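To start, the structure itself, in structure tokens.
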Amino acid sequence: MIELLKPLIASPELPHYVQELREVLARERTLRQQFYGEITEQQKAEFINGQVIMHSPVQRKHSLASDFLFKLVSTYVDQNDLGWVGHEKLLVALSRNDYEPDVAFWKADRTAEFTPDQIKFPAPDFVAEVLSPSTEKNDRDVKFEDYAAHGVSEYWLVDPAREQIEKHLLRGRHFTAAETFRKRTITSTVIAGFVVPVGALFHREANLKALRRMLA
């Protein structure tokens with residue numbers, strides 16, 4: 001970060017740049033409040049760098065992967081009293097942007113003060129985003145950087161087209177290089193003891209089998 005700022009700090013135009021940045025952030029704050037006032041429960045929308053991003057309907061394989069993962073994580077977390085799991089239309093409000101992750105998990109000690117009427121939530125401990133052609137760029141770019149900057153400890157990128165999962169872990173303020181999982185089990189580092197077959201995120205029978213094993 002400091003290296004990026006050095007040319008600006010050394011520039012005689014620094015006061016001008018600072019003023020421009022203040023104006024940009026002020027406009028964003030106004031637009032963000034409008035976003036909060038206009039968004040409805042029926043919409044899936046995010047606020048990213050001053051823009052409202054409305055999500056189009058997803059392909060069935062995307063919906064299934066999201067649902068299968070949520071069932072697995074929420075069942076395991078509830079069974080072991082580890083915290084709370086949110087799914088899709090749940091607004092995560094970070095310092096600049098607002099996201100609606102496909103699956104998000106908060107540890108129990110952090111959820112103690114959550115309320116039934118709460119609609120904005122802090123950065124989760126674990127996030128999974130299911131990739132689609134319309135969202136992949138943001139999932140890999142701005143969200144990738146933003147989640148790391150706000151302390152999300154584990155980030156999964158679930159690819160239903162390739163039937164694979166990329167697992168990223170936080171080291172300092174950045175995610176490590178991905179470990180990619182295909183046709184074997186994947187273990188969460190943050191959700192203690194959570195281990196599932198990769199196929200359980202993409203195939204109904206494998207999902208049911210994993211759920212039955214989990215509940216046995």
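Since the structure is predicted, the reported quantities are computational estimates derived from the model, not experimental observations.
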Stepwise side-chain contact (heavy atoms from CB on, under 4.5 Å) test for F105 and V77: CA-CA 9 Å; F105 161 76; V77 167; 3.8 Å; yes
Step-by-step side-chain contact (heavy atoms from CB on, under 4.5 Å) determination, I191 to L82: CA-CA 8 Å; I191 306 172; L82 296 178; 4.0 Å; yes
Candidate pair S188 and K167, rule side-chain hydrogen bond (donor to acceptor under 3.5 Å, both in side chains), full reasoning: CA-CA 9 Å; S188 171; K167 174 181 172 181; over 6 Å; no
Residue pair V196, L201: steps toward the side-chain contact (heavy atoms from CB on, under 4.5 Å) verdict: CA-CA 9 Å; V196 291; L201 274 70; 4.2 Å; yes
Intermediate values then yes/no, side-chain contact (heavy atoms from CB on, under 4.5 Å), L215 and T75: CA-CA 8 Å; L215 293 169; T75 298; 3.7 Å; yes
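By the criterion of side-chain heavy atoms lying less than 4.5 angstrom apart, applied directly or through intervening Ile, Leu, Val, Met, Phe, Trp or Tyr residues, V85 is grouped together with V158 in one hydrophobic cluster. In this structure, I39 is not a member of the same hydrophobic cluster as V92, with clusters built from ILVMFWY side-chain heavy atoms closer than 4.5 Å. Hydrophobic clustering, with ILVMFWY side chains joined whenever heavy atoms are under 4.5 angstrom apart, keeps L90 apart from W156. Hydrophobic clustering (side-chain heavy atoms under 4.5 Å, transitive across Ile, Leu, Val, Met, Phe, Trp, Tyr) groups M214 together with I165. Note on F114 and V152: same hydrophobic cluster, where clusters join Ile, Leu, Val, Met, Phe, Trp and Tyr whose side-chain heavy atoms are under 4.5 Å apart, directly or indirectly.
Remark: E166 pairs with R140, L157, Q164, H168, A178, T180 by the side chain to side chain contact (heavy atoms under 4.5 Å, CB included) rule, at least two apart or across chains. For L31, the side chain to side chain contact (heavy atoms under 4.5 Å, CB included) criterion is met by Q34, F47, not counting sequence neighbours.
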Show every donor-acceptor pair shorter than 3.5 Å between a side-chain atom in residues 62-72 and any protein atom, with sequence neighbours excluded, or say none if there are none.
residue : atom : partner : partner atom : Å
H62     : NE2  : V130    : O            : 3.0
S66     : OG   : H87     : NE2          : 3.0
S66     : OG   : E88     : OE2          : 3.1

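In this structure, Y147 contributes its side chain and S153 its backbone to no donor-acceptor pair below 3.5 Å.
Note that CG of D102 and NZ of K89 are 12.5 Å apart. Values are rounded to the nearest 0.5 Å. Annotation: the span from I53 atom CD1 to I48 atom CD1 amounts to 5.0 Å, rounded to 0.5 Å. Taken to the nearest 0.5 Å, the CZ atom of F175 stands 7.5 Å off from the OH atom of Y155. Note that the NZ atom of K6 and the OG atom of S11 stand 16.0 Å from one another [nearest 0.5 Å]. For the atom pair CG of D146 and CG of N138, the computed distance is 10.5 Å after rounding to the nearest 0.5 Å. Annotation: the span from E13 atom CD to H16 atom NE2 amounts to 6.0 Å, rounded to 0.5 Å.
Judged by distance alone, the side chains of N97 and Y99 do bring a donor and an acceptor atom under 3.5 Å apart. A donor and an acceptor atom, one from each side chain of N207 and H203, are nowhere located under 3.5 Å apart. D139 and T135 share a donor-acceptor pair across their side chains, judged by distance under 3.5 Å alone.
Counted within 6.0 Å of CZ on R184, heavy atoms from surrounding residues, nucleotides or ligands total more than 12; the atom is thus considered enclosed. A 6.0 Å sphere centred on CD of Q43 holds more than 12 heavy atoms belonging to other residues, nucleotides or ligands. Around the CD atom of Q118, the shell of radius 6.0 Å holds more than 12 heavy atoms that belong to other residues, nucleotides or ligands. The local environment of CG in L25 is crowded, with over 12 non-hydrogen atoms from other residues, nucleotides or ligands closer than 6.0 Å. The 12-atom threshold is exceeded at CD of Q79, counting heavy atoms of other residues, nucleotides or ligands nearer than 6.0 Å.
Between F126 and W106, a ring centre-to-centre spacing not shorter than 6.0 Å is recorded.
Taking the six-membered ring for Trp and thresholds of 30 and 60 degrees, F121 and W84 have ring planes inclined between 30 and 60 degrees apart.
Residue K143 is tested with E100, E129, E136 for a salt bridge (charged side-chain N to carboxylate O under 4.0 Å, His left out); the sole match is E129.
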